[in-house]
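Lettering of chains follows the sequences in order, A, B, ..., and the numbering in each one begins at 1. No hydrogens, no waters, no symmetry mates; every other heavy atom, side chains included, goes into these values.
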2 protein chains.
Amino acid sequence: MNIGDVARRASLPAKTIRYYEDIGLVKPLRDTNGYRAFRDQDLHKLAFLSRARTLGFTIEDCRTLMALYADQERASADVKRIAEVHLTQIDDKIAQLEAMRDTLSELVRSCAGDHRPDCPILKDLAAGV
Amino acid sequence: MNIGDVARRASLPAKTIRYYEDIGLVKPLRDTNGYRAFRDQDLHKLAFLSRARTLGFTIEDCRTLMALYADQERASADVKRIAEVHLTQIDDKIAQLEAMRDTLSELVRSCAGDHRPDCPILKDLAAGV
DNA sequence: ATAAAGGTTCCGGCAGCAGGAAGGTCAAGC
DNA sequence: GCTTGACCTTCCTGCTGCCGGAACCTTTAT
């Protein structure tokens, strides 16, 4: 398979796949013409990556997860721990965004949004020092 | 005021303040020794920036918001529009993170997390192609 | 023969800073 | 007067996870 094929099948941009090769996440063979030659195993890894990235795992997490996936002797506890830490970070991020949203939506609600200069949003921003 | 003073008062790292000067958000004077000399007006701008960044506005949004703040002829509608767009982006981001969280928490819940290799999390990740 | 649609490498850039090197400056204490 | 330590300065690199584009080669179809 050429890069275009795996790109379509793994739903990843070709650019991203080249980058993943660069950082050693996947190691396709090479045809005599210099084209990357992907095996099923490579496609499988890329699909794994695609899914893991969709779930928000960092590239480094992905690297670890793939190593665990390949290791028949792994303990599911190791996988779970990574997912739990990641989950916590997601929760933190959500909380942070919700705090922004709450403040912002209140400010937006209280702003007339007309031609006049008076604006509670700017007032809030400038309220600091 | 030196950079350390405003850093403390605006709760911003000195590094960040230098960066803001670099990109033209604030223009402190200079003492004869080369030190930045911040006026109250500069401090005020930095506090404004600090608050706006806390609410997640991009630097470019901040630039626009500060211009509107300075413009006595502004229409509050212009400010509100920026805030609304930003709010929408925050909502999108939250929705995306919640989707991740839902999937992930279910996977974490279903994983035994013991010494055995069997792991629903990895199974999900590899389920693609 | 040529053109379109693939592929290749390499370089630069994005946001929003942080870290660190190498050095100048200032106030206090001995 | 000298040192110490806390400031300050500029400059350069690096982070995450790619994307866009240039300049060029290969394959396939007409």
Side-chain angles (χ1 to χ4, degrees), chain A residues 1-38 42-43 45-46 48-66 85-86 89-90 92-93 96-97 100, chain B residues 1-38 42-43 45-46 48-66 85-86 89-90 92-93 96-97 100:
Chain A
M1 283 175 286
N2 282 347
I3 199 167
D5 305 323
V6 285
R8 274 181 293 275
R9 296 209 215 174
S11 349
L12 284 174
K15 280 273 189 189
T16 300
I17 297 175
R18 289 196 192 96
Y19 172 67
Y20 288 170
E21 184 190 11
D22 254 25
I23 62 173
L25 283 180
V26 68
K27 303 184 201 305
L29 305 177
R30 293 288 178 147
D31 278 344
T32 49
N33 57 13
Y35 286 18
R36 290 169 181 81
F38 295 85
D42 299 316
L43 173 57
K45 279 190 180 185
L46 288 170
F48 186 105
L49 283 165
S50 180
R51 175 81 177 134
R53 292 288 300 135
T54 298
L55 290 180
F57 286 104
T58 66
I59 294 286
E60 283 318 299
D61 278 348
C62 290
R63 207 186 286 278
T64 310
L65 289 170
M66 286 179 61
V85 169
H86 179 42
Q89 287 167 351
I90 289 180
D92 291 353
K93 191 76 190 168
Q96 191 190 335
L97 287 171
M100 288 181 188
Chain B
M1 283 174 287
N2 282 347
I3 199 167
D5 303 325
V6 285
R8 272 180 294 276
R9 296 210 216 173
S11 348
L12 283 174
K15 281 273 189 189
T16 300
I17 297 174
R18 289 196 193 97
Y19 173 67
Y20 288 169
E21 185 190 12
D22 252 26
I23 62 174
L25 283 180
V26 70
K27 303 185 200 306
L29 305 176
R30 293 287 179 149
D31 278 344
T32 49
N33 57 14
Y35 286 19
R36 290 168 182 82
F38 294 85
D42 299 317
L43 173 56
K45 279 191 182 185
L46 288 169
F48 186 105
L49 284 166
S50 179
R51 175 82 177 134
R53 293 287 300 134
T54 298
L55 290 181
F57 286 105
T58 65
I59 295 284
E60 282 319 298
D61 279 347
C62 291
R63 208 186 286 277
T64 309
L65 289 170
M66 286 178 62
V85 168
H86 179 42
Q89 287 168 351
I90 289 179
D92 291 352
K93 190 77 191 170
Q96 191 190 334
L97 287 171
M100 287 180 189

J.: Given C:dG16, is OP1 or OP2 found less than 4.0 Å from the side-chain N or O atoms of B:Arg18?
T.: no
J.: To the nearest angstrom, how far is A:Ile59 atom CD1 from D:dC18 atom P?
T.: 5 Å
J.: Specify the separation, in whole Å, of atom CD1 of B:Ile17 and atom C1' of D:dC8.
T.: 13 Å
J.: If I compare all heavy atoms of A:Met66 with all of A:Leu25, which pair ends up nearest, and what's the gap?
T.: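 Scanning both residues, the minimum pair turns out to be CE-O, 3.8 Å.
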J.: Would one find a side-chain N or O of A:Arg53 under 4.0 angstrom from OP1 or OP2 of D:dT16?
T.: no
J.: Measure across A:Arg36 and A:Ile3 and return the closest heavy-atom pair with its distance rounded to 0.1 Å.
T.: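 That would be CD-CD1, 4.3 Å.
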J.: Heavy atoms from C-beta onward define the side chain here; which of C:dA18, D:dT10, C:dG16 lies closest to that of B:Thr16?
T.: C:dA18
J.: Mark yes or no for whether A:Ser50, through its side chain, and A:Ala10, through its backbone, hold a donor-acceptor pair below 3.5 Å.
T.: yes
J.: Would you say B:Tyr20 places a side-chain N or O within less than 4.0 Å of OP1 or OP2 belonging to C:dC17?
T.: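 Yes, B:Tyr20 has a side-chain N/O under 4.0 Å of OP1/OP2 on C:dC17.
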J.: For the backbone of B:Phe57 and the side chain of B:Arg53, can you confirm whether one donor and one acceptor N or O come within less than 3.5 Å of each other?
T.: yes
J.: Mind listing the residues from residues 2-11 of chain A sitting with a heavy atom below 4.0 Å of DNA chain D? Number order is fine.
T.: none
J.: Can you tell me the distance, in whole Å, between the OH atom of A:Tyr19 and the C1' atom of C:dT9?
T.: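 The answer, rounded to whole Å, is 17 Å.
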J.: Atom CZ of A:Phe38 to atom P of C:dG6: distance rounded to whole Å?
T.: 15 Å
J.: Could you state the CG-P distance from B:Asp31 to D:dT10, rounded to the nearest angstrom?
T.: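 From B:Asp31 CG to D:dT10 P: 13 Å.
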J.: Indicate the atoms forming the closest heavy-atom contact of B:Leu97 with A:Lys93, along with that distance.
T.: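 Scanning both residues completely, I find the closest heavy atoms to be CD1-CG, 3.5 Å.
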J.: Could you check if a side-chain atom of B:Leu46 sits within less than 4.5 angstrom of a side-chain atom of B:Tyr20, using non-hydrogen atoms only?
T.: yes
J.: Heavy-atom distance under 4.5 Å between the side chains of B:Val6 and B:Phe38, does that happen here?
T.: yes
J.: Of all the heavy-atom pairs spanning B:Leu49 and B:Cys62, show the shortest one and how long it is.
T.: CD2-CB, 3.6 Å
J.: Where is the tightest heavy-atom contact between A:Tyr35 and A:Asn2, given as atom of each residue plus distance?
T.: CD2-ND2, 3.9 Å
J.: What integer distance in Å separates B:Leu25:CG from C:dA15:C1'?
T.: 13 Å
J.: Just by distance, do the side chain of B:His86 and the backbone of B:Asp61 share a donor-acceptor pair under 3.5 Å?
T.: no
J.: Between B:Ser11 and B:Ala7, is there a donor-acceptor pair closer than 3.5 Å when you use the side chain of the first and the backbone of the second?
T.: no
J.: When the distance from CG of A:Asp22 to C1' of D:dC19 is rounded to whole Å, what number comes out?
T.: 14 Å
J.: Going 5' to 3' through nucleotides 22-29 of chain D, assign each nucleotide B (protein heavy atom under 4.0 Å from a base atom), S (under 4.0 Å only from sugar-phosphate atoms) or - (no protein heavy atom that close).
T.: ----BS--
J.: Inspect the contact between B:Arg30 and B:Glu21 and indicate whether a charged nitrogen and a carboxylate oxygen are less than 4.0 angstrom apart.
T.: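 Judged by the 4.0 Å cut-off on N to carboxylate O distance, B:Glu21 and B:Arg30 do form a salt bridge.
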J.: Whole-Å distance between D:dT16 P and A:Gln89 CD?
T.: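 Distance check: A:Gln89 CD to D:dT16 P gives 13 Å.
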J.: Taking five pairs at each end, how big is the angle between the two axes of the helix from C:dA1-D:dT30 to C:dC30-D:dG1, to 10°?
T.: 20°
